[in-house]
Student: 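Quick one: structure below, then a few questions.
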Number of protein chains: 2
Amino acid sequence: MAKTLPPPYHHGDLRRSLLDAARVMVCEDGIEALSLRKLADAVGVSRTALYHHFQDKNDLLCAIVAEGFATLHRLMDAALAPETGASRERFATFVHGYVHFATQDAELYDLMFSRTIWKQHTPNDALRTTARDCFRRLREMVKQWQADGIMSDRFDPKRLSQVTWSTLHGLSRLQNDGVYKDQSGLKAMCDCAIAVLLNP
Amino acid sequence: MAKTLPPPYHHGDLRRSLLDAARVMVCEDGIEALSLRKLADAVGVSRTALYHHFQDKNDLLCAIVAEGFATLHRLMDAALAPETGASRERFATFVHGYVHFATQDAELYDLMFSRTIWKQHTPNDALRTTARDCFRRLREMVKQWQADGIMSDRFDPKRLSQVTWSTLHGLSRLQNDGVYKDQSGLKAMCDCAIAVLLNP
DNA sequence: AACATATCTTGACAGTGTCAAGAATTGACC
DNA sequence: GGTCAATTCTTGACACTGTCAAGATATGTT
């Protein structure tokens, strides 16, 4: 009969395991609940093993956030694929998709834009570019929507894309922070935002 | 010659002093830098003296935030006073004022809408009502602007005010979180937001 | 003067992130 | 295989955090 083997000294892919476990913990109980020691326990490793794969706690958070932005980028690509319908509807699905993403993984989205990441320490360069790609993608699309005539071309596309993003971001944040107490009005708010941002 | 008196056992108005010192510390270095022990040192009092005036750290933060919402409320009243000009311009000054307030005391604004306050623990009842009054004020004004004809009356005033708030909030947040790296484009973004939200 | 109450202090505890030093494992080169 | 260096992981320790319990000190009331 086989005894349960002691865990091998070298964890197979500790970096990956830490990242996954940390994301789960963040999504379940928020950033505040993520302690490096609990994380190490969950993965079955010593308190400081983490420091051979991440510079410090912030570095770990940056890695999680970078993956968040990567999925957001994929989501945008999917919602904005030109073969999925008329541009008005594509914008609508994009808005609903963005807010859905932001409010479903609320804790992750909060972390993605948390002050801890972007100001307290300097974020990873990898993270910076990933996030910037996301916004560039949106600006492209705004130009396209202006060309399609569904968005007003009175505005500088850069400014208009910033305002668009701000609206979605603010909507998601107010929801996630618990300022709006229920989730029922979210779709109606999105629809109103869409109507405001598009030409009548 | 008068010796420097030892500090009196009873601090005159410790609650007030703690509140002020804490706000200063938050505004200077952010929430993360606010430790109850440093705060106590700054005020010249023991570590735990605070607990006779606030239930815990969160309670202290709630009190700071409540005062923040109070000044925001006053700011709105001032910007929206009917005798200060035509409604279009009043809306513009309101927007610029809001974003100015949010980005000037960036750390305070962040705290006002931080997850720590609104979700992690239940916020003070006093805070809840103060914040709600702020939003109610905005909704009143949106109705007024719709009546004045500068905002579209196609939308439910409740939804439209939520979208308006979201836009300003998102704009301020993205700025404060350091996603927009410089402060120069802020006014242009505000102007664009104003144009988007108002009838042409 | 005596007592109750509000206020403040010291001591302690469990928890945190992180550094230093050492042990265990792996891989490369001879 | 044997030797050496590098990578990976562990234990011990440190300063720091928020908060509780118990005691000291001042104020207010009767």
Student: Without decimals, in angstroms, what is the distance between A:D56 CG and C:dA20 P?
Tutor: 14 Å
Student: Would you indicate, yes or no, if C:dT5 has its OP1 or OP2 atom less than 4.0 angstrom from a side-chain nitrogen or oxygen of B:H52?
Tutor: no
Student: Report which part of the nucleic acid A:S46 touches: base, sugar-phosphate, or nothing (heavy-atom distance under 4.0 Å, all strands).
Tutor: base
Student: Nearest to the side chain of B:R47, which nucleotide is it out of D:dT11, C:dG11, C:dT16?
Tutor: C:dG11
Student: On DNA chain D, compare the nucleotides closest to B:K57 and A:V45; which residue's is nearer the 5' end?
Tutor: A:V45
Student: Roughly, in whole Å, what's the span from CG in B:D59 to C1' in D:dC20?
Tutor: 17 Å
Student: Take atom OH of B:Y51 and atom P of D:dT19, then tell me their distance rounded to the nearest Å.
Tutor: 3 Å
Student: For C:dC8, does OP1 or OP2 lie under 4.0 Å from any side-chain N or O of B:H53?
Tutor: yes
Student: As a test of understanding, state which of B:F113, B:Y98, B:F135 forms a ring pair (Phe, Tyr, Trp, His ring centres under 6.0 Å) with B:H169.
Tutor: B:F113
Student: When rounded to the nearest 0.5 angstrom, what distance separates CG in A:N176 from CZ in B:R115?
Tutor: 5.5 Å
Student: CZ of B:R15 versus C1' of C:dC8: gap in Å, rounded?
Tutor: 17 Å
Student: Specify whether A:W165 and B:Y180 have parallel, tilted or perpendicular ring planes, treating 30° as the upper limit for parallel and 60° as the lower limit for perpendicular.
Tutor: perpendicular
Student: How close or far is atom P of C:dT16 from atom CG of A:L50, stated in whole angstroms?
Tutor: 14 Å
Student: Kindly say if B:T48 contacts the phosphate of C:dT9, meaning a side-chain N or O under 4.0 Å from OP1 or OP2.
Tutor: no
Student: Quick one: do the B:S152 and B:R154 side chains pair a donor with an acceptor below 3.5 Å?
Tutor: yes
Student: Whole angstrom is fine here: how far is it from CG in B:D13 over to P in C:dA6?
Tutor: 17 Å
Student: Tell me which of B:Q55 and A:A49 sits closer to the 5' end of DNA chain D, going by the nucleotide each one is nearest to.
Tutor: A:A49
Student: Output the distance between atom CE (A:M112) and atom SG (A:C134), rounded to the nearest 0.5 Å.
Tutor: 6.5 Å
Student: Between A:L34 (CG) and C:dG17 (P), how many Å, whole number?
Tutor: 7 Å
Student: Ignoring the backbone of A:K38, work out which of D:dT11, C:dT16, D:dT19 is nearest its side chain.
Tutor: C:dT16
Student: What integer distance in Å separates B:L36:CG from C:dG15:P?
Tutor: 19 Å
Student: Taking atom types as they are modelled, is there a donor-acceptor pair under 3.5 Å from the base of C:dG17 to the side chain of A:R37?
Tutor: yes
